[in-house]
Amino acid sequence: MYEFEIQNMTCGHCASTVERAIKTADPEASASIDLATRTAKVKTKDPAAINTAIEKAGYPSSFRQI
């Protein structure tokens with residue numbers, strides 16, 4: 001499980017865009033996005049690919065294992 005800190009995620013549309021980016025990078029991933037804290041908890045085997053996809057969607061991000 002990884003926690004992604006996502007900058008510039010300010011609305012429901014942003015959260016949906018991030019969720020789509022996660023699923024595109026790893027269709028097997030499960031994600032829980034928290035708009036209030038601008039984080040996403042993601043169960044994945046490839047966090048770097050997800051981080052890249054989130055950033056390509058326009059949201060600078062970083063992640064850590066939890």
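Below, each value reflects all heavy atoms present in this structure, side chains not excepted, and no hydrogens, waters or symmetry copies.
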Item checked: Minimum heavy-atom distance between A53 and A25, given as atom pair plus value -> CB-CB, 3.7 Å
Next item on the list: Please list, chain by chain and in numerical order, all residues satisfying salt bridge (charged side-chain N to carboxylate O under 4.0 Å, His left out) with E3, sequence neighbours excluded.
Entry: R64
Note to self: Going by ring pair (Phe, Tyr, Trp, His ring centres under 6.0 Å), name the pairs with one or both residues in residues 4-54, residues two or more places apart or in two chains.
What the structure shows: F4-F63
Check: Could you state the interatomic distance from OG1 (T52) to NZ (K56), rounded to the nearest 0.5 Å?
Finding: 6.5 Å
Next item on the list: Considering non-hydrogen atoms only, spot the tightest contact between I6 and V18 and give its length.
Entry: CD1-CG1, 3.6 Å
Notebook entry, point to check: Rounded to the nearest 0.5 Å, how far does CD1 of I50 lie from OG1 of T44?
Noted result: 3.5 Å
Check: OG1/T10 to CZ/R38 distance, rounded to the nearest 0.5 angstrom?
Finding: 6.5 Å
Margin query: Test of understanding: with side chain to side chain donor-acceptor pair (under 3.5 Å), list the residues that count as partners of T17, not counting sequence neighbours.
Written below: R20
Next item on the list: Using the side-chain contact (heavy atoms from CB on, under 4.5 Å) rule, pick out the option among I33, T39, T37 that qualifies with M9.
Entry: I33
Item checked: Interatomic spacing from OH in Y59 to CD1 in I54 - rounded to 0.5 Å -> 11.0 Å
Checklist line | Student check: side-chain heavy atoms of P60 and N8 closer than 4.5 Å | finding: yes
